[in-house]
Structures are given as structure tokens and as C-alpha cells.
Undergrad: 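Structure below; questions to follow.
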Amino acid sequence: MQFWRDTVQDIYKDNPPHHPVALALSQAVQKHQLTKRWLTRMIDAREQNLDDRTYRNIQDLEAYAENTHSSLLYLILETLGIKDVHADHAASHIGKANGIITCLRAVPYNSSRRQVFLPIDICMLHGVSQEDFIRGSLEKNVRDVIFDIAGQAHVHLEHARSFKKRVQKSAFPAFNITVALDWHLKTLRKADFNIFHPSVQRRNTLLPLSLYARSWKQSY
């Protein structure tokens, strides 16, 4: 992490290290005048997350998603030449939804390693322990935890779409991730929020086609 922190500093001094990713990033910074703060914020958030702490509440998870996933979307908007407060608001919510859904998708893998990172407050609300997830429990209260967390991701996507009429269409390609996010939420609903159901972990082979269709609709 310190390497990338130093690398970003050097890039903005126009002296990137001879590393292929650093050189490509330096070119992007120069071409699109990327904001340094979004890059350093991602590094800071990743570094703070290295100790694998469980999120105390959904707000902690949302804050991490904002600092990582949303920051990346802000940078993508800048590469598209978009500097617009409405697009930024949409990006913020989409990034939070992405972070929440990414956390959910990782539950089976993390549980197999006896690790659970879901918000403690929601687990306690439904009387669910970390051991329940580690055992792969299919009880209703476990599914209720997943329902509540997935519901928060859905709320963020709806908030993002509330800005659609005020966001210029040239920004829409930055939000193509919503195609995958919608699919994951739909798959969870079909599985009755059983996060361990095989369908939830299955790849979406129609994703490229769905992305193509969305691009023609000019939506997100």
C-alpha cells in the first residue's frame, strides 16, 4: 500500500516509477486531469481494511464502499469528461450499492474460511451469529439478514436512478456496473435470499448481451 501511496505522489510530480500500471495511470492523469484525492482515498480505505475487521453497522460498510467503489466511479466520470454534481450523486449511490453487493457475494467464500464481515448490527437485530454463516445455515433469520442488506443496495440503486433525468447521457457508460448489480439482486430474490444457493455464485453468461442492450437504451 505504501508503494502505491508513493507512486501516486510521484505521478502528480510528473515522475512516475517505471512500472507498467504506474506509467499507464500517469498517462491517464495527464490526459484527463484526474483528481488525486480519489486515488489516495481508495488507498487509505484499502489500507484501513487490511486487518479484516467486521463492519459494526451498515453505515461502516457504506463508508468503505463510498471511499473505494464510488471513488473509482468518480475517476471514470472524469475520463469521460464529466464534471457534474448530479452524475457524482448517482456515482456515489451506485458505488455504495456495488460495495454492499460485493460484500454479500463474498459471504460463501469468507464463511468457508471462518470469516464473516456482514454488519454486526443487522446480524444482532435478527439474532444471527457468525457461526450461523460459517455453518451455512439456511434458517429464515439468516436469510432476513441478507434481505435487509440487499435491500439497502436496492435503495441506493433507486436513489441513483432518481438523478437519471438530470445526468447527461454521456455519463451513462460509467454506470454500466448497474447491469451486473441488478442481476445479482434479482438472483438473490429468486433464491429467497439464500446466499449459499448455487445460483447466487453462478456466472451470468448473458452479461455481455445485457450490457449491449443497456447501451442501446441509453440508461443505467
Side-chain angles (χ1 to χ4, degrees), residues 42 45-46 49 54-55 57-74 76 89-113 115-119 122-123 126 128 132-134 136-164 171-217 219-220:
M42 285 192 288
R46 295 290 189 192
N49 205 49
T54 302
Y55 298 106
N57 48 51
I58 192 70
Q59 289 78 21
D60 279 357
L61 174 53
E62 289 172 328
Y64 177 72
E66 166 68 28
N67 290 333
T68 53
H69 296 278
S70 298
S71 292
L72 182 58
L73 289 177
Y74 300 146
I76 293 174
H89 282 316
S92 176
H93 287 293
I94 292 170
K96 288 174 183 173
N98 191 13
I100 292 170
I101 292 172
T102 298
C103 184
L104 288 174
R105 290 182 62 210
V107 167
Y109 172 75
N110 288 329
S111 296
S112 70
R113 300 172 66 232
Q115 293 180 306
V116 180
F117 301 111
L118 298 176
I122 296 179
C123 291
H126 295 285
V128 175
D132 289 323
F133 283 102
I134 292 169
S137 172
L138 305 181
E139 296 296 326
K140 183 179 183 302
N141 60 340
V142 173
R143 288 183 281 115
D144 286 343
V145 169
I146 303 301
F147 173 84
D148 282 1
I149 298 172
Q152 190 64 18
H154 174 74
V155 167
H156 281 299
L157 288 175
E158 290 302 299
H159 279 318
R161 287 175 174 132
S162 71
F163 295 98
K164 190 182 300 183
F172 288 3
F175 303 147
N176 281 341
I177 186 65
T178 57
V179 174
L181 301 181
D182 286 336
W183 182 81
H184 286 302
L185 290 178
K186 181 179 179 181
T187 304
L188 258 181
R189 284 195 297 271
K190 286 184 175 180
D192 195 23
F193 297 95
N194 172 11
I195 197 66
F196 299 102
H197 194 280
S199 64
V200 176
Q201 297 301 309
R202 194 173 299 137
R203 286 180 178 272
N204 179 7
T205 57
L206 296 178
L207 182 59
L209 182 60
S210 300
L211 283 166
Y212 180 74
R214 181 70 63 86
S215 68
W216 273 101
K217 289 182 180 179
S219 185
Y220 63 81

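What you see is a predicted model, and the numbers here were worked out from it, not measured in a lab.
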Undergrad: Please report the shortest heavy-atom distance between Arg46 and Thr68, naming the atom on each side.
TA: NE-CG2, 4.0 Å
Undergrad: Any donor and acceptor pair, going by atom type alone, linking the side chain of His126 with main-chain N or O of Val128 inside 3.5 Å?
TA: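 Not at all, since once roles are kept as given, no pair shorter than 3.5 Å links the two residues.
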Undergrad: With a 4.5 Å cut-off on side-chain heavy atoms, are His159 and Lys96 touching?
TA: no
Undergrad: Identify the heavy atoms of Ser92 and Ser70 that sit nearest to each other, and give their distance.
TA: O-OG, 3.0 Å
Undergrad: Could you pull out the closest heavy-atom pair between Ala91 and Leu73, with the gap in Å?
TA: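 Between these two residues, the closest heavy atoms are O-CD1, 3.4 Å.
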Undergrad: Output, in order, the C-alpha distance, side-chain angles, deciding distance and verdict of side-chain contact (heavy atoms from CB on, under 4.5 Å) for Asp148 and Ile58.
TA: CA-CA 10 Å; Asp148 282 1; Ile58 192 70; over 6 Å; no
Undergrad: Working to the nearest 0.5 angstrom, can you tell me the gap between Asp182 CG and Arg214 CZ?
TA: 5.5 Å
Undergrad: Check for a donor-acceptor pair, side chain of Asn98 on one end and backbone N or O of Ile94 on the other, with a separation under 3.5 Å.
TA: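 Checking the backbone N and O of Ile94 against the side chain of Asn98, no donor-acceptor pair under 3.5 Å is found.
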Undergrad: Taking all non-hydrogen atoms of both residues into account, name the closest pair between Glu62 and Ile100 and its distance.
TA: CG-CD1, 4.1 Å
Undergrad: Contact between His154 and Glu158 at the side-chain level, heavy atoms closer than 4.5 Å - yes or no?
TA: yes
Undergrad: Answer yes or no: does atom CZ of Phe147 have more than 12 heavy-atom neighbours from other residues, nucleotides or ligands under 6.0 Å?
TA: no
Undergrad: Taking all atoms of both residues into account, what is the closest heavy-atom pair of Gly95 and Ala65, and its distance?
TA: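 Smallest interatomic distance, heavy atoms only, reads O-CB, 3.7 Å.
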Undergrad: Would you say Tyr220's side chain and Ala171's backbone share a donor-acceptor pair under 3.5 angstrom?
TA: no
Undergrad: More than 12 non-hydrogen atoms from neighbouring residues, nucleotides or ligands closer than 6.0 Å to NZ on Lys186, yes or no?
TA: no
Undergrad: Looking only at non-hydrogen atoms, find the nearest pair between Cys123 and Phe133 and report the distance.
TA: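 Scanning both residues, the minimum pair turns out to be SG-CE1, 4.1 Å.
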Undergrad: Hey, could you give me the CG/CG distance between Asp132 and Asn141, rounded to the nearest 0.5 Å?
TA: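 Reported value, rounded in 0.5 Å steps: 6.5 Å.
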Undergrad: side-chain hydrogen bond (donor to acceptor under 3.5 Å, both in side chains) between Thr187 and Arg202: does it pass, once the steps are laid out?
TA: CA-CA 10 Å; Thr187 304; Arg202 194 173 299 137; over 6 Å; no
Undergrad: Check the pair Leu61 / Gln152 against side-chain contact (heavy atoms from CB on, under 4.5 Å), numbers first and verdict last.
TA: CA-CA 11 Å; Leu61 174 53; Gln152 190 64 18; over 6 Å; no
Undergrad: When rounded to the nearest 0.5 angstrom, what is the spacing between CG in Leu118 and OG1 in Thr54?
TA: 8.5 Å
Undergrad: Rounded to the nearest 0.5 Å, what's the gap from NE2 on His93 to CD on Glu66? Could you check?
TA: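 Reported to 0.5 Å precision, the distance equals 9.0 Å.
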Undergrad: Does a side-chain heavy-atom distance below 4.5 Å link Phe193 with Val145?
TA: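 No, too far: nothing below the 4.5 Å cut-off.
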Undergrad: Does some side-chain heavy atom of Asn110 sit less than 4.5 Å from a side-chain heavy atom of Phe117?
TA: yes
Undergrad: For the CD atom of Gln115 and the CD1 atom of Ile134, what is their distance to the nearest 0.5 Å?
TA: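 Rounded to the nearest 0.5 Å, the CD-CD1 separation comes to 9.0 Å.
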Undergrad: Atom NE2 in His69, atom OH in Tyr64: separation rounded to 0.5 Å?
TA: 6.5 Å
Undergrad: When you compare the side chain of Ser199 with that of Lys190, does any pair of heavy atoms fall below 4.5 Å?
TA: no
Undergrad: Does Ile195 reach the side chain of Leu188, with side-chain heavy atoms less than 4.5 Å apart?
TA: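 Side chain of Ile195 against side chain of Leu188, heavy atoms only: contact under 4.5 Å found.
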Undergrad: Just by modelled atom types, is the Asn194 backbone N or O under 3.5 Å from a matching donor or acceptor in the Asp192 side chain?
TA: no
Undergrad: Got more than 12 heavy atoms from elsewhere within 6.0 Å of CD, Glu139?
TA: no
